Number of protein chains: 2
Amino acid sequence: MSLPHAVLTSLLEKSTSGYDLARRFDKSIGYFWHATHQQIYRELARMEGAGWIEGFVPPDAGKTRKKHYRVLPAGRAELVRWAAEPTPPMDLRDSFTVKLRADAILDEVDLCEELARHNALHAARLAQYRAIEARDFPATPPLTRAQAIQHMILKKGILYEEGEIAWGQEMLALLRRPAQT
Amino acid sequence: MSLPHAVLTSLLEKSTSGYDLARRFDKSIGYFWHATHQQIYRELARMEGAGWIEGFVPPDAGKTRKKHYRVLPAGRAELVRWAAEPTPPMDLRDSFTVKLRADAILDEVDLCEELARHNALHAARLAQYRAIEARDFPATPPLTRAQAIQHMILKKGILYEEGEIAWGQEMLALLRRPAQT
DNA sequence: GTGCCCATGTAAAGGGTTACATGATTAA
DNA sequence: TTAATCATGTAACCCTTTACATGGGCAC
């Protein structure tokens, strides 16, 4: 369970509203931890109750209902505590791979189109990541430690997508090969 | 939701008991879809109720309580139906990456040891996968389509672990670098 | 006969997904 | 003024996780 900690991290990077957090979870941080707006609102309410964060009306609020949250010392301490815990390695739940196993024994299944679609999705994401990299990490050496870490996280995403694409193309070639006995 | 379909696939590959399925989910198929024995027993009961599978006492049962399950035509049809559905791409939930983001802004966090531990785990898994590959896919060309697909699935795991290790080593070097300014 | 593994389950709690609800601003 | 988007929520359902329970076989 680390959704609250993902939210804390995101809020530490920049205080913001639940709505904007949800959008951030659809983009940058969401590539490593997905969450819907319902989850986020629920967690924000919980964490405010626990004294980890506090809500406030931003100075430029005007007439909107927008409410911002910022991390309190207790929240920061909790994040540090959690980060020191051992983490189990990510467990994968890839339903497409299950379908491939089904394909291997079933005949009636044809995953070519679906695989091609996935390959295109991965290519699109890769392009996004590369654009972010070009924008946020232009020169190489003069980086703070924080920037260097953030760059490595982005590179992890890039490597992952590159791997998916390379593998996906080989797999597609295999699936398209006519079934010779 | 595709745990039942992962179970169906596994049962099609080989009829077996809930207990052995659970162990299989701790190994081969579990690398792409994790499940505990509680989930598996529950799914087996549900699927038997739905007429997708049937339980039977294996001929060599003797005095054990062991019960085997095999896939019925309805289950096979359901698997085909499901495989034809579009799949969303896997969404990642990698708490270690969240911790890295926390590290980038927190100072009090030190992830070196944990990262080294993860790297060792990935190396161990890679070794396992390579051993399986050497055992199950020795020669190259004379493969059936099913074997070729299964080999590609294994290769996906190998590529993934190799990527994790390469990235993890670079990341470790970065984390170990003394914080200059 | 004690301890360990096999083998199957139940129960409770918590997290995630989907559907629904509401009101307020902004653009056509 | 109608539709879309902003912004925040509630409720129900399902899935997953964790803890507990049970009883049989087997080895020492």
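Order of the sequence lines fixes the chain letters, A, B, ..., with proteins taken first and strands second; residue numbering starts at 1 for each chain. As a basis for the values below, the full set of heavy atoms in this structure was taken, side chains included, without hydrogen atoms, waters or symmetry mates. Predicted model only: the values in this text are computed from it and were never measured.
Residue B/Glu43 is the one, among B/His37 and B/Glu43, whose nearest nucleotide of DNA chain D lies closer to the 5' end (criterion: closest heavy atom). The nearest heavy atom of DNA chain C to B/Tyr69 and to B/Arg23 marks one nucleotide each, and the one closer to the 5' end goes with B/Arg23.
In the model, A/Glu133 has a side-chain atom that pairs as donor or acceptor with a side-chain atom of A/His151 under 3.5 Å.
The aromatic rings of A/Trp82 and A/His5 sit parallel to each other, their planes meeting at less than 30°, with 60° as the upper class boundary.
Look at A/Gln38 and you won't find any side-chain N or O under 4.0 angstrom from OP1 or OP2 of C/dG16. One finds no side-chain N or O of A/Arg93 lying less than 4.0 angstrom from the OP1 or OP2 phosphate oxygen of C/dG16. Between B/Tyr41 and C/dT8 there is a side-chain N or O to OP1 or OP2 distance below 4.0 Å.
Note: CG (A/Leu3) to P (D/dT17) measures 15 Å, nearest angstrom. The distance between atom OH of B/Tyr19 and atom C1' of C/dC4, rounded to the nearest whole Å, is 11 Å. If you take CG of A/Asp20 and P of D/dT5, they are 16 Å apart, rounded to a whole angstrom. What separates CZ of B/Arg46 from P of C/dT10 is a distance of 12 Å, to the nearest Å. We find that CG of B/Asp26 is positioned 12 Å from P of D/dT17, with the value rounded to whole Å. Distance, A/Asp91 CG to D/dT17 C1': 11 Å, rounded to whole Å. The NZ atom of B/Lys66 sits 13 Å away from the C1' atom of D/dG25 (whole-angstrom rounding). The CD-P distance, from B/Gln39 to C/dG15, rounds to 16 Å in whole Å.
B/Glu85 has a carboxylate O that lies under 4.0 Å from a charged side-chain N of B/Arg81, or vice versa, which qualifies the two as a salt bridge.
Donor-acceptor pairing under 3.5 Å, judged by distance alone, is present between the side chain of A/Arg42 and the base of C/dG16.
Proximity note for B/Lys67 (side chain, C-beta onward) versus D/dT17, C/dG9, C/dC6: the nearest is C/dG9. Residue A/Thr36 places its side chain closer to C/dT18 than to any other of C/dT18, D/dT16, D/dT8.
When atom types are taken as modelled, the side chain of A/Glu114 and the backbone of A/Leu111 share no donor-acceptor pair closer than 3.5 angstrom.
A heavy-atom distance below 4.5 Å is found between the side chains of A/Met171 and B/Ile149.
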